[in-house]
2 protein chains.
Amino acid sequence: MPTGTGRAPLEAGVAHDATPRHDPAGAPGTGSVARSARELGRPATIRDVAALAGVSHQTVHRFLQGYEGIRPATRERVVDALAALEYRPNLTARSLTTGQSLRLGALTHELDQFGPSKIIQGATQAARDAGYVLDIVSLDMGDPDEIAEALEMLTRHDLAGVLALASNDHMAQAFDAADFRVPTFLAGEEDDFASEHPSQLTRVGFPALIAHLADLGHRRLLHIAGPAAWSAARNRARAFQAAVAAHGLESVGVVHGDWSARSGYRAMSELPARPGFTAVVAGNDQMALGALLALQERGLRIPDDVSVTGVDDIPDAAYFSPPLTTLGVDFVAQGRRAVEHLLARIADQQPADDDTLPSQLVVRRSTGPAPMVGSGKPASAVR
Amino acid sequence: MPTGTGRAPLEAGVAHDATPRHDPAGAPGTGSVARSARELGRPATIRDVAALAGVSHQTVHRFLQGYEGIRPATRERVVDALAALEYRPNLTARSLTTGQSLRLGALTHELDQFGPSKIIQGATQAARDAGYVLDIVSLDMGDPDEIAEALEMLTRHDLAGVLALASNDHMAQAFDAADFRVPTFLAGEEDDFASEHPSQLTRVGFPALIAHLADLGHRRLLHIAGPAAWSAARNRARAFQAAVAAHGLESVGVVHGDWSARSGYRAMSELPARPGFTAVVAGNDQMALGALLALQERGLRIPDDVSVTGVDDIPDAAYFSPPLTTLGVDFVAQGRRAVEHLLARIADQQPADDDTLPSQLVVRRSTGPAPMVGSGKPASAVR
DNA sequence: CGGAGGCTTGTTACCGGTCACATTCACGGT
DNA sequence: ACCGTGAATGTGACCGGTAACAAGCCTCCG
């Protein structure tokens, strides 16, 4: 009863109301102000809170905004009323007036792949930390209509910004063509060789990987690349070639897969009987897995006869047979960073020009000394 | 994060900001009606369209609702105006009045796991087909505060419903405790042994798998289960035991992993030197992968000495060394079905009582005849 | 020829939170 | 005592789409 019973400037208005959309079924004393969440048959609004606290809705609003200039007595009544009615702000209403929303759209595809799903994971985390949620639309690439439709859908839901993750060229094109009327950010590996800030994967990772192979005596390498339409695949292929050249080694070719183990297997199966390489550098771990199996089925021992490496360091890679030497990539951080960039753009700030993400060489048992050519004894040293 | 954003508390004092919310900057003949999207400095509303078409906003609204009773002449003007202004409905405004939104919340975790990410993929597809988007919040389980915070966030964004995917008990508890004020659906494998409709995985898959092993002469089996807190893990463990009993075989034990290859590896490493089983049935493919490696490192040949199976049939499983015998699970369909259930619940309809999803035995090279006991060939190959 | 009744179309209010501006109140200075 | 000033609070309008109801117009029939 701290609410002075008599004072109710709003009661007049309440009487008028006559047709409340939501019938206050639960309210016993008709016309009275709801005292608890249960008396209200619906979520409480700031006006409900205001009525209970005996203040204007604007005062409640101010409190919610963190405004300091409210007298302690008033403030206390507001606080109590908010609690009693279990008030929760309605973000829809808020974004209608402010034109701002706490949602980010995220376009993605191949969500079952390790990279994209990790990126999404990082992105949702970063979004949540900033108070946003991610509206995810995952596309099956291929059907242009479907892409257009999905984009169209995103434009309706008013979003603070849109993120495209895991970029391949089709996605990028569709994304560019779409008319979002909000900030956008195209995440995923950029085109390192067109950028001033090549990723660490290119600058550090691949050189380290190739150096590792060179140290082991490998001279002739084969690369299994991802699909040419993916910038990540192109980056990796070019990074491979650059590093090979830098070490004075020889690339005996680049074959393309589709990131899957199946495609890695195929790539190896289709090779001539007498491969001219001693090491295979796959563009990701899955293709490396497929390559591993194909090579083994041909009677080659890993790493005694051929060394194999991957990229990504997926959790399973440590348990392949043999465990895979690979390059670690921090996808979660990638997703996180993408969201941060987007948020910065939304706030019209310059994004922190963070360093590119670390890429670490993880040496396991799938790489070993190159077999000695001509000599009777192929390397038998284990590990 | 407290209520308000960091924004300056009410710039009331800053005086007449003189900024009309939307400055009709582009309109040349002031007061005239915008004739094109460009003349309007902002997205067109139905009132803009109405003004251009020379009708009331309600007429435009009716057209958009698909109302038939509009005179052809009127209709045509509306159509033209809509096109000229590139009108796009504002879903925020719509959901404010209708109280309905075209968004579904999705709680998930371990998004990098194959199952959950596939489920999400299916869910986003189904959601999109129905015109919804999925707001995804992925949790790191473990920190209860974080869970609560994430749930809280979901309750603010008004959603048509909330889905919890990939259920383990912590998630389920938090979910139950949360006060969403909308329909919810807890997806993922249900507790088959508490349900009238056990999944096909339980009813068909595991029996087929065990039958397969029995046919090969295996008598003593070991199960590597997922974490006990996951209903899927419990289901699979019980399905395993039930099927083993049904075939008169013997379970030599159930050890628990955490779904990861690492845990499968560990489980096998910790076994006594002379395992009392001839086949290992892992609760998922990743644990099977780890088991494969651990067994091989002990000098056991797969499948000659020990057979190994998984569950899920992840794409990589076909390229393990050796390729894995496993049970296929249709996660995409699971996600899809979850969304359909939720949507049915939202529409207050009975969901189609669809069949449980098929589960198929995929036989590959990781299973083979049980080694003959006492006969000439014990497993002593020490590499 | 007038009015009932059906089609079309227009008017007004409302959702819940925010904004611009108005009003009230307390208090100090002259 | 009076006014100015700033602090605290209140009022009304607005965002864009929707709902309920009203009004205008036309047709048909007695």
Side-chain angles (χ1 to χ4, degrees), chain A residues 7-10 12-13 16-22 40 42-51 53-65 67-75 77-78 85 87-102 156 158, chain B residues 3-5 7-22 40 42-51 53-65 67-75 77-78 85 87-102 156 158:
Chain A
R7 80 150 79 206
L10 294 197
H16 265 272
D17 218 26
T19 39
R21 282 212 206 164
H22 307 285
L40 229 49
R42 55 182 167 81
T45 72
I46 53 171
R47 286 173 171 85
D48 297 322
V49 174
V55 298
S56 78
H57 65 101
Q58 187 60 226
T59 299
V60 176
H61 173 60
R62 289 193 184 103
F63 172 80
L64 293 172
Q65 297 290 305
Y67 179 63
E68 295 293 335
I70 300 179
R71 261 185 312 199
T74 310
R75 168 178 298 262
R77 292 212 309 278
V78 172
L85 296 178
Y87 172 80
R88 293 188 201 162
N90 177 328
L91 289 189
T92 301
R94 177 176 304 174
S95 62
L96 178 57
T97 38
T98 60
Q100 299 186 338
S101 75
L102 291 176
R156 291 155 124 83
D158 71 359
Chain B
T3 342
T5 46
R7 97 154 70 200
L10 219 357
E11 329 199 341
V14 181
H16 333 125
D17 220 297
T19 35
R21 284 213 208 157
H22 302 289
L40 228 50
R42 53 181 170 81
T45 72
I46 54 171
R47 285 173 170 86
D48 297 322
V49 174
V55 300
S56 78
H57 65 101
Q58 189 60 226
T59 298
V60 177
H61 172 60
R62 290 195 183 101
F63 172 79
L64 293 172
Q65 297 289 309
Y67 178 64
E68 295 293 335
I70 300 179
R71 260 187 310 200
T74 311
R75 169 177 296 261
R77 292 211 309 279
V78 172
L85 296 179
Y87 172 80
R88 294 189 202 162
N90 178 330
L91 289 189
T92 301
R94 176 176 306 174
S95 62
L96 178 58
T97 38
T98 59
Q100 300 186 338
S101 76
L102 291 175
R156 291 154 124 83
D158 70 359

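Chain A is the first sequence line, chain B the second, and so forth, proteins listed ahead of strands; every chain is numbered from 1.
- Note on B:Arg94: a side-chain N or O is less than 4.0 Å away from OP1 or OP2 of D:dT18.
- In this structure, B:Asn90 atom CG and C:dC15 atom P are separated by 18 Å, rounded to whole Å.
- To the nearest 0.5 Å, the span separating CD1 on B:Ile46 from CG on B:Asn90 amounts to 10.5 Å.
- The separation between A:Leu96 atom CG and D:dT18 atom P is 12 Å, rounded to whole Å.
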Polar atom pairs (N or O), protein with nucleotides 5-10 of chain C, under 3.5 Å:
{"residue": "C:dT9", "atom": "OP1", "partner": "B:Arg71", "partner atom": "NE", "Å": "3.4"}
{"residue": "C:dT9", "atom": "OP1", "partner": "B:Thr74", "partner atom": "OG1", "Å": "2.4"}
{"residue": "C:dT9", "atom": "OP2", "partner": "B:Arg71", "partner atom": "N", "Å": "3.2"}
{"residue": "C:dG10", "atom": "OP2", "partner": "B:Ser56", "partner atom": "N", "Å": "2.8"}
{"residue": "C:dG10", "atom": "OP2", "partner": "B:Ser56", "partner atom": "OG", "Å": "3.1"}
{"residue": "C:dG10", "atom": "OP2", "partner": "B:Thr59", "partner atom": "OG1", "Å": "2.8"}
{"residue": "C:dG10", "atom": "O6", "partner": "B:Arg62", "partner atom": "NH2", "Å": "2.4"}

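- Here the closest non-hydrogen pair linking A:Val49 and A:Val78 is CG1-O, 4.3 Å.
- Using a 4.0 Å heavy-atom criterion, one finds that B:Tyr87 contacts the sugar-phosphate atoms exclusively.
- In this structure, CG of B:Leu102 is placed 14 Å from P of D:dG17, rounded to the nearest angstrom.
- Listed by chain and residue number, B:Gln58, B:Thr59, B:Tyr67, B:Ile70 satisfy the side-chain contact (heavy atoms from CB on, under 4.5 Å) test with B:Arg62 (two or more places apart in sequence, or in another chain).
- Distance, B:Leu91 CG to D:dC15 P: 19 Å, rounded to whole Å.
- Across the protein-nucleic acid pair, A:Phe63 atom CZ and D:dA8 atom P stand 15 Å apart, rounded to whole Å.
- In terms of heavy-atom proximity, A:Arg77 sits nearest to A:Gly54 at NH2-O, 3.7 Å.
- One finds a side-chain N or O of A:His61 lying less than 4.0 angstrom from the OP1 or OP2 phosphate oxygen of C:dT18.
- Remark: P of C:dT11 and CZ of B:Arg47 are 12 Å apart, rounded to the nearest angstrom.
- Between the axis at the start and the axis at the end of the helix from C:dC1-D:dG30 to C:dT30-D:dA1 there is an angle of 70°, using five pairs per end and rounding to 10 degrees.
- Residues satisfying the side-chain contact (heavy atoms from CB on, under 4.5 Å) test with B:Thr45, not counting sequence neighbours, are B:Arg42, B:Arg47, B:Asp48.
- Distance, A:Gln100 CD to C:dT18 C1': 11 Å, rounded to whole Å.
- Of all heavy-atom pairs between A:Thr92 and B:Leu96, the closest is CG2-N, 3.8 Å.
- Rounded to an integer number of Å, the gap from A:Gln65 CD to C:dA20 P is 12 Å.
- Annotation: side-chain contact (heavy atoms from CB on, under 4.5 Å) contacts of B:Leu102 (sequence neighbours excluded): A:His157, B:Leu91, B:Tyr132.
- A search for salt bridge (Lys or Arg N to Asp or Glu O under 4.0 Å) contacts involving B:Arg71 returns nothing, not counting sequence neighbours.
- A heavy-atom distance below 4.5 Å is found between the side chains of A:Tyr87 and A:Leu64.
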